[in-house]
Amino acid sequence: MNRFAPAVSAALARVTGSALGPCQSAVIRIGFSATWLLFLLREFPHRQEMYGPDGPWSWDLAQQLIATNHAFTALMWSDGQGWFEAVYALAVVSSVLLLLGWRTRTLSVLFMVGVLSLQNRSVFMGDGGDNVLHLMAIYLVFTRCGQVWSLDARRARLTAAARARGEHVVDRVGPALWGVLGFALVAVTAGGRLDAVDPTAPTVLYVVWVGVAVRWAVERWARGREPRVLLDVVAAVAHNGALFVIMAEACLIYATAGWYKIQGSRWQDGTAVHYPLHLDYFSPWPALADLLAASGTMVMLVTYGTVIVQVAFPFTLFNRRVKNVLLALMMVEHAVIAVVLGLPFFSLAMIAADAVFLPTSFLRRLGGWAARARGRLQGRGGRATVPGPRGAGDDAAVGAEAGRT
């Protein structure tokens with residue numbers, strides 16, 4: 001028993017000591033927010049038919065469904081056209097800001113509200129990727145997904161630099177957002193809008209709202225380190241737990257899909273891929289589909305390869321090299337599905353879910369390439385100059401900018 005004690009202690013220290021996978025959590029934040037944003041922009045001309053109060057799935061039908069499944073959706077608080085446009089705009093804006101990583105804790109909650117409001121309003125809209133996005137929007141709330149590659153990370157660096165110079169930095173935007181959104185949450189609750197819905201979403205909203213207030217109060221008034229350490233531990237455990245759930249969810253999706261395919265006769269005889277390639281609904285490029293379906297050997301290899309990869313992937317997580325190979329194959333497969341079968345948002349959602357397994361070294365290199373590319377673009381925008389010595393006035397200007405950010 002004593003042999004396992006050091007390993008258990010090290011594992012607990014690792015889980016509670018820091019938020020693991022900062023690059024992976026940033027990638028899934030960017031991936032899912034970009035997927036939802038592109039979907040909303042792509043369907044903007046059709047938003048009335050899909051989610052509007054006068055669409056084919058009418059407001060009365062949606063009201064009857066919500067009364068049965070008790071799903072959370074802000075679109076059912078009013079059947080007015082202005083309210084619908086406001087909720088749709090909230091979904092778009094929250095996706096953009098979460099993609100940029102601005103106030104990720106708050107924006108992840110608003111992102112979840114936008115996803116649940118639209119998807120629960122019309123449950124028959126989607127291609128399978130909406131189910132993945134639905135779940136991941138909830139899990140993202142509990143992650144610290146703005147540690148890298150975000151405006152939050154930039155603000156943290158500027159704030160730390162300003163405090164290192166002895167400057168006092170005050171965050172006014174955070175408390176203002178907390179107050180406005182808290183007032184809206186209390187008003188909605190007092191109006192009875194949350195009485196008939198499942199308590200999961202309202203509980204998440206209140207937990208995050210209270211948690212942000214506690215964190216701000218501790219940062220402002222706590223004298224010792226113990227309260228801050230305790231909150232850091234709670235945040236790290238919540239983040240790591242949510243990241244683990246995201247990984248488990250992705251494995252469960254592939255495992256169940258693979259084992260269900262094994263039971264199908266068309267997957268057993270190697271012809272399953274042939275049939276969707278000849279459906280008009282899944283043939284945006286008929287010539288390309290015909291080209292792929294013309295080779296029986298190719299169809300058989302893709303059919304069997306899909307089943308093998310999906311069933312084997314959860315078991316390869318213990319071997320990093322094999323896992324990376326299968327991960328690349330799955331991402332390529334989803335990219336092919338996006339083009340050949342015309343399911344881009346399903347594929348983007350699955351690629352974003354797969355990104356949680358990407359190696360940290362690869363993601364860091366990817367971030368380095370992106371930073372260098374941005375630097376070259378900025379260098380072309382104007383003539384590079386060598387800055388002169390910075391004085392005290394310049395330090396004060398940088399500190400003021402940190403406070404505004």
For residues Gly258 and Gln310, report the shortest heavy-atom separation together with the two atoms involved.
-> N-OE1, 3.5 Å
Output the distance between atom CZ (Arg157) and atom CG (Asp152), rounded to the nearest 0.5 Å.
-> 11.0 Å
Donor-acceptor list for residues 285-294 side chains, cut-off 3.5 Å, not counting sequence neighbours:
residue : atom : partner : partner atom : Å
Trp285  : NE1  : Val339  : O            : 3.3

So, does Asp127 use its side chain to make a donor-acceptor pair with the main chain of Leu343 at under 3.5 Å?
-> no
Leu61 and Pro56 have their tightest heavy-atom pair at CD1-O, 4.3 Å
Between Ser283 and Pro276, which heavy-atom pair has the shortest distance, and what is it?
-> OG-O, 4.2 Å
Over 12 non-hydrogen atoms of neighbours within 6.0 angstrom of OH in Tyr304 = yes
Kindly state each residue pair satisfying salt bridge (Lys or Arg N to Asp or Glu O under 4.0 Å) with at least one member in residues 77-88, sequence neighbours excluded.
-> Arg47-Glu85
Could you tell me whether a side-chain N or O of His239 sits under 3.5 Å from a main-chain N or O of Arg144, the two making a donor and an acceptor?
-> yes
Between Gly129 and Phe346 the two heavy atoms that sit nearest each other are N-CD1, 3.4 Å
Is the count of non-hydrogen atoms from other residues, nucleotides or ligands lying under 6.0 Å from Asp280 atom CG greater than 12?
-> no
Residues Trp149 and Arg29: closest non-hydrogen pair is O-NH2, 2.8 Å
Taking the side chain as every heavy atom from C-beta outward, state whether Arg155 and Arg103 have any pair of such atoms under 4.5 Å apart.
-> yes
Leu205 side chain near Val113 side chain, heavy-atom distance below 4.5 Å = yes
So, does Arg228 use its side chain to make a donor-acceptor pair with the main chain of Ala222 at under 3.5 Å?
-> yes
Is a side-chain N or O of Ser122 found less than 3.5 angstrom from the main chain of Leu118, in a donor-acceptor match?
-> no
Please confirm whether the backbone N or O of Leu20 pairs with a side-chain atom of Asn240, one donor and one acceptor, at under 3.5 Å?
-> yes
Hey, does the side chain of Gln119 reach the backbone of Asp130 with a donor-acceptor pair shorter than 3.5 angstrom?
-> yes
Gln24 side-chain N/O to Leu358 backbone N/O, donor-acceptor pair under 3.5 Å | yes
With side chains defined as the heavy atoms from C-beta onward, is the minimum distance between Trp57 and Met125 less than 4.5 Å?
-> no
Does the side chain of Tyr139 pick up a donor-acceptor pair with the side chain of Glu249 at under 3.5 Å?
-> yes
OH/Tyr275: more than 12 non-hydrogen atoms of other groups inside 6.0 Å | yes
Pairs under 3.5 angstrom only: tabulate donor-acceptor contacts from the side chains of residues 311-329 to other protein residues two or more places apart or in another chain.
residue : atom : partner : partner atom : Å
Thr316  : OG1  : Phe313  : O            : 2.7
Asn319  : OD1  : Arg321  : N            : 3.3
Asn319  : OD1  : Val322  : N            : 3.2
Lys323  : NZ   : Phe357  : O            : 2.8
Asn324  : ND2  : Arg320  : O            : 3.2

Check: Pro22 main-chain N/O paired with Ser25 side-chain donor or acceptor under 3.5 Å | yes
Which pairs count as salt bridge (Lys or Arg N to Asp or Glu O under 4.0 Å) when at least one residue sits in residues 204-215, sequence neighbours excluded?
-> Arg215-Glu219, Arg215-Asp232
Atom CE in Met136, atom CD1 in Ile246: separation rounded to 0.5 Å?
-> 5.5 Å
Hey, can you tell me if Tyr51 and Tyr88 have their rings parallel, tilted or perpendicular (30° and 60° cut-offs)?
-> tilted
Glu333: side chain to side chain donor-acceptor pair (under 3.5 Å) partners, not counting sequence neighbours | Thr306
Heavy-atom pair of closest approach, residues Trp59 and Arg121 | N-NH2, 3.6 Å
With a 4.5 Å heavy-atom cut-off, do Arg154 and Trp102 have their side chains touching?
-> no
Okay, side chain of Arg105, backbone of Val141: is any donor-acceptor separation there less than 3.5 Å?
-> yes
Pairwise side-chain contact, Thr16 with Val234, heavy-atom cut-off 4.5 Å (strictly under) | no
Return a table of donor-acceptor pairs under 3.5 angstrom between the side chains of residues 177-203 and protein atoms on other chains or two or more places apart.
residue : atom : partner : partner atom : Å
Trp178  : NE1  : Trp209  : O            : 2.8
Thr189  : OG1  : Leu185  : O            : 2.9
Thr189  : OG1  : Tyr206  : OH           : 2.6
Arg193  : NH1  : Trp77   : O            : 3.2
Arg193  : NH2  : Trp77   : O            : 3.4
Asp198  : OD2  : Thr200  : N            : 3.0
Asp198  : OD2  : Thr200  : OG1          : 2.5
Thr203  : OG1  : Pro199  : O            : 2.6

Under 3.5 Å, side chain of Ser117 to main-chain N/O of Thr73, donor-acceptor pair present?
-> no
